[in-house]
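Step one of this worksheet: look at the structure below.
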Amino acid sequence: MPQESAELEEIRRAVRALCDEFPGEYWRGKDAAREYPGEFVDALTKAGFLAALIPTEYGGSGLKLDAAAVIMEEIQASGCNGGAAHAQMYIMNTLLRYGSDAQKQEYLPKIANGTLRLQAFGVSEPTSGTDTLSLKTRAVRDGDEYVINGQKIWTSRAEHSDLMLLLARTTPRDQIKKKTEGLSMFLVDMQKAVGNGMSIKPIRTMMNHSSCEVFFDDLRIPADALVGEEGLGFRYILSGMNAERILIAAECIGDAKWFIEQASNYAKDRNVFSRPIGQNQGIQFPIARCYAQMRAAELMVHHAATVYDEGGNPGEEANMAKLLASEASWAAADMCVQTFGGFGFAEEYDVERKFREARLYTVAPISTNLILSYLAEHVLGLPRSY
Ligand SMILES: Cc1cc2nc3c(=O)[nH]c(=O)nc-3n(C[C@H](O)[C@H](O)[C@H](O)COP(=O)(O)OP(=O)(O)OC[C@H]3O[C@@H](n4cnc5c(N)ncnc54)[C@H](O)[C@@H]3O)c2cc1C
């Protein structure tokens with residue numbers, strides 16, 4: 001392991017201790033019932049972990065991104081599922097950077113003390129997919145309000161969040177000069193919105209992720225729900241993406257560590273042909289390869305977080321971290337099932353659950369192809385492909 005500060009080591013220990021209270025049995029139950037792990041999220045909130053990035057003046061811990069990354073990594077490495085709570089970490093950046101003083105005063109202390117959850121991020125739409133600039137949800141100014149119409153999809157945790165960061169079009173596409181203009185960001189009070197122009201429909205997915213469709217039908221929100229300036233929402237989203245990529249990559253590292261640990265332990269214990277299966281190189285080598293792959297990705301995640309925390313622009317590093325870490329976690333998931341053989345499919349070992357959960361990260365929040373496009377175009381100078 002790379003040398004870490006005493007502060008980060010202490011955070012790791014504390015997260016591990018909290019996660020020990022939520023063993024596989026807890027997650028299996030939630031998974032089977034497709035139930036939100038509210039107790040786990042409450043415990044993380046109470047311990048202050050989800051307020052890691054909130055400045056101390058608003059009741060948070062004022063930590064840097066490397067600490068947030070350690071928290072997310074340890075949750076995954078403990079066999080828990082940070083997908084229930086990770087948005088609060090990566091949405092936070094937008095509110096901190098672009099929110100008004102009034103919005104910060106109003107919301108941050110309540111998010112920090114757990115009165116409010118900021119867990120929903122409404123960007124994806126059914127017809128635009130990865131092409132965010134084609135999104136169709138409209139926000140039209142009407143006096144002191146905006147009127148929202150349209151639909152979002154894959155808005156995870158929408159049923160379990162009090163606030164949603166919403167991206168909507170404020171200027172029609174044919175009236176903008178640059179195609180990146182005309183989208184705006186809003187902080188929507190979901191408690192007020194549900195039943196008053198906003199409705200939520202859960203999507204059942206292969207893992208327990210509380211993802212939803214969200215429909216807007218003349219939802220009226222106050223004009224001061226606008227975050228930053230009208231028309232600059234896409235720019236704000238882009239600037240938050242590095243933090244999002246780094247945090248998700250850290251989760252993937254945690255997953256990879258969990259799979260590698262499970263596989264190593266099982267390979268030492270499981271006897272077939274009167275000897276541990278781990279004595280066979282055919283079992284050892286895939287585990288060792290996954291370990292090397294995970295460690296290489298981990299270095300990139302740390303490097304990206306350091307560049308971010310030092311105020312640099314880690315576009316290249318954050319994208320590479322996400323690419324390498326999501327591939328490392330998926331390779332480790334596949335290796336772990338192979339190592340467990342038939343028991344890899346039995347629910348009681350949690351391998352099949354974590355396997356399903358780990359599959360997400362080469363697709364969302366951003367799919368591998370789009371990361372490769374970024375690297376090809378912005379780092380290597382190749383022609384734009386879309
Ligand atoms: C469980 C889950 C949770 C999610 N949570 C959220 C959330 O909370 N908030 C939110 O806003 N979104 C969320 N998403 C949406 C997620 O960000 C998108 O699914 C993801 O960005 C991919 O978009 P898409 O599904 O529309 O795929 P599409 O855009 O339809 O793409 C399909 C495939 O084509 C590829 N592709 C598309 N265009 C190109 C191109 N030009 N070059 C090469 N390949 C291309 C993509 O990489 C992908 O592999 C979630 C998704 C899932 C599955």
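For ligands, and for the atoms within them, numbers begin at 1 and follow the listed sequence. For this chain, numbers begin at 1 and follow the sequence in order.
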Considering only heavy atoms, which protein residues lie less than 4.0 Å from any atom of ligand 1? Phe121, Val123, Ser124, Gly129, Thr130, Trp154, Ser156, Arg157, Met207, His209, Ser211, Leu360, Val363, Ala364, Pro365, Ser367, Asn369, Leu370, Tyr386
If you link I, L, V, M, F, W and Y whenever their side-chain heavy atoms are under 4.5 Å apart, who else ends up in the same group as Val363? none
Answer yes or no: is there an ion pair linking Lys322 with Glu244, defined by an N-O contact shorter than 4.0 Å? no
Give the other cluster members for Ile221, using side-chain heavy-atom distances under 4.5 Å between Ile, Leu, Val, Met, Phe, Trp and Tyr residues; answer none if it is isolated. Tyr146, Ile148, Met164, Leu166, Phe186, Val188, Met190, Val194, Met198, Ile200, Val214, Phe216, Leu219, Leu226
Go through the steps for Glu327 and Thr368 under the test side-chain hydrogen bond (donor to acceptor under 3.5 Å, both in side chains), then give the verdict. CA-CA 9 Å; Glu327 291 185 346; Thr368 296; 4.5 Å; no
Arg289 NZ/CZ over Tyr291 ring centroid, <6.0 Å and within 45° of normal: no
Return the set of residues passing side chain to side chain donor-acceptor pair (under 3.5 Å) with Asn242 (not counting sequence neighbours), or none when no residue passes. Asn313
